[in-house]
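Along the sequence shown, residues are numbered consecutively beginning with 1. Every value quoted in this text rests on a predicted model; they were computed, and no experiment measured them.
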Amino acid sequence: MNLNGLARSLNLAGLIDEENARKALDIAKAENSTFVAVAVKNGYVDALQVANLASNEFGLPLLDLAAFDTELLIKDVVSNELIEKHRVLPIFKRGNRLFLAQSDPSNITAIDEIKFNTGMNVEPVIVEENKLAILVEKFISAEDSSFDDLDDEDLDVDIENPEEEQKRDEPGTGEDAPIVRFVNKILLDAIKKGSSDIHFEPYEKRYRIRLRTDGILQEVSSPPINLSGKIAARLKVMSKMDISERRVPQDGRIKMKISKTKAIDFRVNTLPTLWGEKVVLRILDPSSAQMGIDALGYEEDQKALYMEALAQPQGMILVTGPTGSGKTVSLYTGLNILNTEETNISTAEDPVEINLEGINQVNVNAKVGLDFGEALRSFLRQDPDIVMVGEIRDLDTASIAIKAAQTGHLVLSTLHTNSAPETLTRLANMGVPAFNIATSVSLIIAQRLGRRLCKVCKQPADIPEQVLLDAGMSKEMIASGTFFKAVGCDACNKGYKGRVGIYEVVKITPAVSKIIMDGGNSLEIAAVAAEEGFNNLRVSALQKVHQGVTSLEEANRVTSD
C-alpha cells in the first residue's frame, strides 16, 4: 500500500515515519475511523503539527477550538450519527453555507455525505484532532442528556435490585420510563466526568442537579420542579429505601453495572428539606483502591515512610484530614498492599465504602449496639493480624485500638484533625495516657486533595518572586522551578483535571516521642517534626506547585501558611 493524501504529506515533512503511517492507515480502515484520529490517538504524530500542515497543503483556514465559544455550535443540522462517524463538528452557518470543523481534510466522504443530508454547501475548517475529539464527545453528550429527547434513549445499564423492588417499580414503568433513563444518564455522566458526589436538590421554584468534580460543585441540569418527587422516588427504589417514608433521612446503596466487567457503587442519603427530599449520592469506585500507592501523589520519602510502617508487625497508622480529603483511599491502598493469603484483616466502617475480597468488613450499627469499640473487641477474639477502624471517635475506641497496637497487631484508623501534630494532642485530650500514645502510634498521615492542572492547556505563570517568598517558597525552589497557571479548555474543568494528594507524613521518632511524653502541645510537636525533616502540608503543597502539578492559587485554597 502506497502512502497518499495527508499520510504521504506528513511522511515527506518528517512528522511521521512510514511504518507508523502505514500502521495508522491500516487501523483506520479496520476501525472505520480517520487516519488523523488514529495517528494522533496513538501518539504517532502531534495534533497541532498535523493541523498546520493540513491547512497549508489544502489551503483551508485553521481554527483553534480552545478559543471557540462552544455555545455557538450549530445544533439540529447534522445528525449525531454523522458527527460521530466522520469526527466532524458544525461550527457556523451563514445562509446556505455550513462551516465544518475537521481534522482530516482528505476525508472527502464526510463532506459529500453531510452535503447530501443537509442540502447545504459545506466548507471545511481545519482544527486539531485532540481538541476536536473532546468537543465532539462533549457535544454529543450534551445532546443526549437533554430531558425532552429521552424517550428514544436506550442506555445499556443494569441496576441490581431484588425482584420485589423491581415489581414495585413496574406499575409506572410506561409513564416513568423517561425518568428512569434520565436518572441513569445523570449517573453515567457523573462516572464519565470522574465526579465524587451527585446532589439532587429541590427548591421552591426550581430543581437542580449538581456534580462535585475535582472537589468543586457545578450545576449540570435543571429539570422541571414538578418532577422532583418522581426523581427522588426513582433513586429511592434503586437504593432499596422505603419510598413511602419522606419524613426522616434514609440511607441506601446502588450497584450499577456499566459493563460486563465493571460496576460502580453509590452510597445514597435522603434528607427531608422544606421543598422536598434532597438526595445525595457518593460515587464509590472500587478501582480507586487498586490504583497503587504511586498514583496517590506521595513524595518518594513520604511513600517510603508509609511502606515502612505497613511492613511493621504491630503499631498504629493514623490518617487524618477533613471529609473528602481522600483518607479512605489512602487506607484502602494500604490494606490492598497488606491483603495476602497469610494475613487476617478485619475492618469496622461506617459505612463500608469499597468492597475488597479477602478482607472481613463490618458495618457498624449503633442502633443494635455495634459501635466501633464493640466491633474492635470482637475482632481481637478472631485472631487478627491487621485491624482497620473507620474512625476513632471516643476514649473507649482509642483505648482498645492502642492496646491492640501494643499487643502485636497492626492498626489503621482515621481521626478528624487538621494536621499530624494535632492528631497526637487530640488523642491526649480524649484521655489517652501520653505513654500509650508514644509507644503505640508509629505513623501519622495528614492529607488534602488539590486539583491537578490540565496538561492540555496549562501555561507558564509569571509570578513575582516576592509573592512566592511570601507563600513560603525558598529562593532555591523559586530559581529551579517553572510555575504554571490554570487556563481552561474543553479537556478540563476551568483549567484543572483530576486531583492529587498533598500529604504530611510524620514518623514517631524518639525526639517526637519525648515531646509527647513531656506533654508538649501541637506547636512543639510540629517544630520537632520539621527539625526531623518531615514536611508539613503547606510545604508539600508548594512542592506540587514547584513540580508544575498544581497552581499557587490551588495550593493556597487547600492549605494555609
d(L284 CG, Y332 OH) to nearest 0.5 Å is 8.5 Å
Do the non-hydrogen side-chain atoms of T417 and L424 ever get within less than 4.5 Å of each other?
-> no
Would a distance-only check, ignoring hydrogens and angles, find a side-chain to backbone donor-acceptor pair under 3.5 Å from Q459 to A486?
-> no
Report yes if some heavy atom in the side chain of V387 is under 4.5 Å from a heavy atom in the side chain of T347; otherwise report no.
-> no
Within the side chain of E554, is there an N or O that forms a donor-acceptor pair under 3.5 Å with the backbone of R451?
-> yes
How far apart are the closest heavy atoms of S221 and F182, and which atoms are they?
-> OG-CZ, 3.5 Å
Donor-acceptor contact present, side-chain T397 to main-chain F372, <3.5 Å | no
Might you point out which heavy atoms bring V88 and I83 nearest each other, and give the distance in Å?
-> O-CG2, 3.0 Å
Can R377 and D396 be counted as an ion pair, charged N to O under 4.0 angstrom?
-> yes
Smallest heavy-atom separation, L542 atom then A471 atom, equals CD1-O, 3.5 Å
Y203 and T273: side-chain donor and acceptor closer than 3.5 Å?
-> no
Compare all side-chain heavy atoms of R210 with those of R212 and state whether any distance is below 4.5 angstrom.
-> no
When the ring planes of Y298 and Y306 are compared, do they come out parallel, tilted or perpendicular, using 30° and 60° as the limits?
-> tilted
Has the side chain of T414 got a donor or acceptor atom that lies under 3.5 Å from a matching backbone atom of G390?
-> yes
Would you check if L412 and V389 make a side-chain contact, meaning some heavy-atom pair closer than 4.5 Å?
-> no
Given S103, which of R87, E129, K131 fulfils the side chain to side chain donor-acceptor pair (under 3.5 Å) condition?
-> E129
Q302-S540 side chain donor-acceptor pair, cut-off 3.5 Å | yes
Tell me yes or no: between the side chains of S522 and T425, is some donor less than 3.5 Å from an acceptor?
-> no
Locate the shortest heavy-atom distance separating S413 from I392; write the atom from each residue and the value.
-> OG-CG1, 3.3 Å
Using the salt bridge (charged side-chain N to carboxylate O under 4.0 Å, His left out) rule, collect all pairs that involve residues 275-284, keeping only residues at least two apart or in two chains.
-> D197-R282, E201-K278, K236-E277
Would you give the length of the straight line joining atom CG of L235 to atom CD1 of I254, rounded to the nearest 0.5 angstrom?
-> 5.5 Å
Looking only at side chains, do T213 and Q218 share a donor and an acceptor under 3.5 Å apart?
-> no
Are E299 and K544 ion-paired here, with the side-chain N under 4.0 Å from a carboxylate O?
-> yes
Look up atom NZ in K85 and atom OG in S79, then write down how far apart they are to the nearest 0.5 Å.
-> 9.5 Å
Side-chain donor or acceptor of Q361 paired with backbone N/O of L356 under 3.5 Å = yes
Is the backbone N or O of S419 less than 3.5 Å from a side-chain atom of T423, with the two atoms forming a donor-acceptor pair by type?
-> yes
For D214 and N493, run side chain to side chain donor-acceptor pair (under 3.5 Å): C-alpha distance rounded to whole Å, both residues' side-chain angles, the deciding distance at 0.1 Å, then the answer.
-> CA-CA 8 Å; D214 297 336; N493 185 11; 4.8 Å; no
R448 and V558: which non-hydrogen atoms are nearest, and at how many Å?
-> CG-O, 3.7 Å
In terms of side-chain heavy atoms, does T559 have a donor or acceptor partner in R538 at a distance below 3.5 Å?
-> yes
Closest non-hydrogen atoms of L395 and G431, given as atom of the first, atom of the second and distance, are CD1-C, 3.7 Å
Between K185 and D189, is there a side-chain N and carboxylate O pair less than 4.0 Å apart?
-> yes
Side chain to side chain contact (heavy atoms under 4.5 Å, CB included) between L552 and F483, intermediate numbers included | CA-CA 8 Å; L552 182 60; F483 306 102; over 6 Å; no
Do V78 and L98 touch side chain to side chain, with heavy atoms closer than 4.5 Å?
-> yes
Between the CG atom in L187 and the CD1 atom in I283, the distance rounded to the nearest 0.5 Å is 7.0 Å
May I ask you to test the N339-I345 pair for a side-chain heavy-atom distance under 4.5 Å?
-> yes
Point-to-point distance, once rounded to the nearest 0.5 Å, from CG of D394 to CD1 of I400 = 8.5 Å
Do you see a donor-acceptor pair shorter than 3.5 Å between the side chains of N336 and T333?
-> no
Taking atom types as modelled, is there a side-chain donor on R426 or N418 under 3.5 Å from an acceptor on the other?
-> no
Does K327 use its side chain to pair, donor to acceptor, with the backbone of G321 at less than 3.5 Å?
-> yes
Side-chain touch I198/V279, heavy atoms, less than 4.5 angstrom = no
In Å, rounded to the nearest 0.5 Å, how long is the span from CG of L135 to CG of L65?
-> 5.5 Å
Side-chain donor/acceptor of K458 to backbone N/O of V549, under 3.5 Å | no
Under 3.5 Å: donor-acceptor pair, side chain of T320, backbone of L415 = yes
Determine whether Y207 and I231 make a side-chain contact, defined as any pair of heavy atoms from C-beta on separated by less than 4.5 Å.
-> yes
Short side-chain to backbone donor-acceptor contact, T118 and I114, under 3.5 Å = yes
